[in-house]
K.L.:
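Provided herewith is a single structure, encoded as structure tokens, for subsequent inquiry.
We name chains A, B, ... by the order of the sequence lines, and we start the count at 1 in each one.
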Protein chains: 2
Amino acid sequence: MSRPITPLGLTVLRMLCGGPMHPYEMQQRIRDHAYDHAVKITHGALYHTVERLAASGLIEPMETSREGRRPERTVYAVTAAGRDTAHMRMSDLLAKPAEEFPLLGTALAFVNLLPETEALVQLRAREVALESLLAAHQTAHEALLKRGLARHKLLDQEWTITRVRGELEFVRGLAGDLEAGRLTWEDDDSVTACHPDHERDEPVAEETTRP
Amino acid sequence: MSRPITPLGLTVLRMLCGGPMHPYEMQQRIRDHAYDHAVKITHGALYHTVERLAASGLIEPMETSREGRRPERTVYAVTAAGRDTAHMRMSDLLAKPAEEFPLLGTALAFVNLLPETEALVQLRAREVALESLLAAHQTAHEALLKRGLARHKLLDQEWTITRVRGELEFVRGLAGDLEAGRLTWEDDDSVTACHPDHERDEPVAEETTRP
DNA sequence: GTTGGATTAGTCTGAGTGGACTAATCCAAC
DNA sequence: GTTGGATTAGTCCACTCAGACTAATCCAAC
């Protein structure tokens, strides 16, 4: 109880704000609305999340119906507490930038594990992948706009496109610098790290401003 | 066994590429190198990760020393397999953009749970937060550069700065559009979702291009 | 008409994580 | 000199999640 609602939890609440529903129906609607581009949904997690929300009184089982001899379906509805919680969590998510740890950051932190030439190859590969990703997202976005979908339903897609574009530019810059020799590390003494008999890296040490 | 090395796992391998070490020392060095800005490190996870890596033969315990009557310290070293794995994982991380689910995306997907005025307030709050975050990162970055730290050790910080700047611009744009009325949702019939007796949202449906 | 693939609906398990807890030692201030 | 807070070092548990598994039903093609 009381730890912040997970993205999937918020999604369930959001779905139930559209009327009572059983978990499987949520999953379908989530796919229909393409919410699964903004939130990681897996089958197992969904049911578990629903259970948790029910346990903390944010949603309530209404009835358990059954069609033929298929497994029982439990239909849930949001409670008032659920609405409030969703509301608060939304405000929080919007207002407070969270510390996140994108994988590219991790990779960049340890990039000197690879020789420069190899890093360059991999970065160029990423560039290509990002280009086609960007194109795909843009095409999809335009298609939906032309279909007359309201903009507010596509904000997450706008954000994704912006992010991918930003990453692409960054990666291009890096690859360019590497290629032009404006960025190097193999001549750095402290980077014998991949081989035995290394010298220790000098630490970054006393950060004056930890944000 | 055999599922991809986690960021923390890679970090451990990276540390041990700098010579044998016990977990606690890793933690310190990680902090010294500010790697904890790029990878989420918690105390508990570290020991667990070390155990896992040892179990799959990527690292090996060397000796268990003890100073005074303090708990035993087990010193680990990378194996050849460990080096190879780290190398491959690095290539992968660099080359393949991963599907990630930043919280802002989630928030934007459900933004119509809030009334426009409130969304605007929260977005403005985020703007302020992002501004000071950006300033802090930039100050830290410049300080380290002036100290003569090689650029390749600050790439993850460069990336963070780029990301935050991108987010700031995006959020500013959104807030501006909201304020100017170029972005609205309260007049949208399908968004009675927060109240009982709703009309269902129309689905996004058949996406032609799923990237 | 029956074989087999998609859909409907849900359970179970193992892996990974965060935070709380233990416990000894060092050092600085009172 | 002793009290208390930081540091050193590590264990443990509860929570969460992803993916594998179950199992019934529908429908289309052969």
Side-chain angles (χ1 to χ4, degrees), chain A residues 1-12 15 20-32 36 39-56 58 61-76 89 98-101 103 106 206, chain B residues 1-13 15 20-32 36 39-56 58 61-76 89 98-101 103 106:
Chain A
M1 193 223 205
S2 98
R3 67 174 72 185
I5 301 290
T6 63
L8 187 45
L10 184 60
T11 308
V12 168
M15 289 300 108
M21 218 175 291
H22 54 96
Y24 191 82
E25 192 182 348
M26 294 177 207
Q27 206 194 356
Q28 290 180 117
R29 286 178 181 280
I30 286 168
R31 267 214 311 262
D32 290 346
D36 56 345
V39 184
K40 178 147 204 171
I41 312 281
T42 58
H43 204 83
L46 178 62
Y47 285 89
H48 189 57
T49 299
V50 165
E51 237 166 66
R52 257 185 297 138
L53 290 177
S56 33
L58 303 183
M62 304 279 289
E63 74 213 276
T64 70
S65 71
R66 166 187 296 259
E67 262 170 47
R69 222 179 317 163
R70 289 207 194 149
E72 254 184 12
R73 303 177 306 184
T74 308
V75 175
Y76 292 88
R89 183 72 174 124
E99 256 214 295
E100 289 176 295
F101 300 87
L103 291 180
T106 307
E206 326 147 41
Chain B
M1 193 218 204
S2 97
R3 65 173 73 185
I5 299 290
T6 63
L8 187 45
L10 185 60
T11 308
V12 168
L13 291 178
M15 289 299 110
M21 219 175 291
H22 54 96
Y24 191 82
E25 192 182 348
M26 294 177 207
Q27 207 194 356
Q28 290 179 119
R29 287 179 181 280
I30 286 167
R31 266 214 311 261
D32 289 345
D36 56 344
V39 184
K40 180 147 202 169
I41 312 282
T42 58
H43 204 83
L46 178 62
Y47 285 89
H48 189 53
T49 300
V50 165
E51 236 166 66
R52 256 184 298 138
L53 291 178
S56 33
L58 303 183
M62 304 279 288
E63 75 212 275
T64 70
S65 71
R66 166 189 295 259
E67 263 170 48
R69 221 179 318 163
R70 290 206 193 151
E72 255 183 10
R73 302 177 306 182
T74 308
V75 175
Y76 292 88
R89 183 73 173 125
E99 257 214 295
E100 288 177 297
F101 301 87
L103 291 180
T106 307

K.L.:
A:I5 has an atom CD1; how far is it from atom C1' of D:dC17, in whole Å?
P.N.:
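Distance, rounded to whole Å: 16 Å.
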K.L.:
Look at the side chain of A:R73 and decide which nucleotide, out of D:dA9, C:dA9, D:dC17, has an atom nearest to it.
P.N.:
C:dA9
K.L.:
How many whole angstroms separate atom NE2 of A:H48 from atom C1' of C:dG16?
P.N.:
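Answer to the nearest Å: 14 Å.
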K.L.:
Quick one: pull up OG1 in A:T74 and CE in A:M62 and give me the separation to the nearest 0.5 Å.
P.N.:
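The CE atom of A:M62 is 12.0 Å from OG1 of A:T74, to the nearest 0.5 Å.
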K.L.:
Ring-plane angle category for A:H43 and A:Y47, please: parallel below 30°, perpendicular beyond 60°, tilted otherwise.
P.N.:
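The arrangement is tilted - the two ring planes meet at 30° to 60°.
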K.L.:
Checking B:V75 against B:H22 for the side chain to side chain contact (heavy atoms under 4.5 Å, CB included) test, could you report, in this order, the C-alpha distance in whole Å, the side-chain angles of both residues, the deciding distance, and whether it holds?
P.N.:
CA-CA 4 Å; B:V75 175; B:H22 54 96; 4.3 Å; yes
K.L.:
Round to the nearest Å and state the distance from A:Y76 atom OH to C:dA9 atom P.
P.N.:
14 Å
K.L.:
To the nearest Å, how far apart are B:Q27 CD and D:dT8 C1'?
P.N.:
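Checked: the CD to C1' distance equals 10 Å.
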K.L.:
With rounding to the nearest 0.5 Å, note down the distance linking CZ in A:R52 to CG in A:L8.
P.N.:
7.5 Å
K.L.:
Tell me whether the OP1 or OP2 atom of C:dA15 has a side-chain N or O from B:R52 closer than 4.0 Å.
P.N.:
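So the side-chain polar atoms of B:R52 never come under 4.0 Å of the phosphate oxygens OP1 or OP2 of C:dA15.
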K.L.:
Does A:T49 put a side-chain nitrogen or oxygen below 4.0 Å from OP1 or OP2 of D:dC17?
P.N.:
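Answer yes for this pair, as a side-chain N or O of A:T49 is under 4.0 Å from OP1 or OP2.
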K.L.:
For A:V12, which of A:V39, A:L53, A:L58 qualifies under side-chain contact (heavy atoms from CB on, under 4.5 Å)?
P.N.:
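Per the side-chain contact (heavy atoms from CB on, under 4.5 Å) rule, the option paired with A:V12 is A:L53, out of A:V39, A:L53, A:L58.
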K.L.:
Under 4.0 angstrom, heavy atoms only, what part of the nucleic acid is A:Q28 near: base, sugar-phosphate, or nothing?
P.N.:
sugar-phosphate
K.L.:
Given atom CZ of A:F101 and atom P of C:dG16, what is their separation to the nearest angstrom?
P.N.:
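In whole Å, C:dG16 P and A:F101 CZ are 19 Å from each other.
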K.L.:
Looking only at side-chain N and O atoms, does B:R3 come under 4.0 Å of OP1 or OP2 in D:dA20?
P.N.:
no
K.L.:
What are the residues of residues 39-47 of chain A, sorted by number, that bring a heavy atom to within less than 4.0 Å of DNA chain C?
P.N.:
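Contacts with DNA chain C under 4.0 Å: A:H43, A:Y47.
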K.L.:
Whole angstroms only, please: what is the OH-P distance between A:Y24 and D:dC26?
P.N.:
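After rounding, the reported distance stands at 14 Å.
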K.L.:
Taking CG from B:D32 and P from D:dT7, how many angstroms apart are they, rounded to a whole number?
P.N.:
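Distance, rounded to whole Å: 12 Å.
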K.L.:
Could you provide the dot-bracket string of DNA chain D, using ( ) for intrastrand pairs, [ ] for crossing pairs and | for bases paired to another strand, with Watson-Crick or G-U pairs below 3.5 Å?
P.N.:
||||||||||||||||||||||||||||||
K.L.:
Using atom CD of B:E51 as one end and atom P of D:dA9 as the other, report the distance to the nearest whole Å.
P.N.:
18 Å
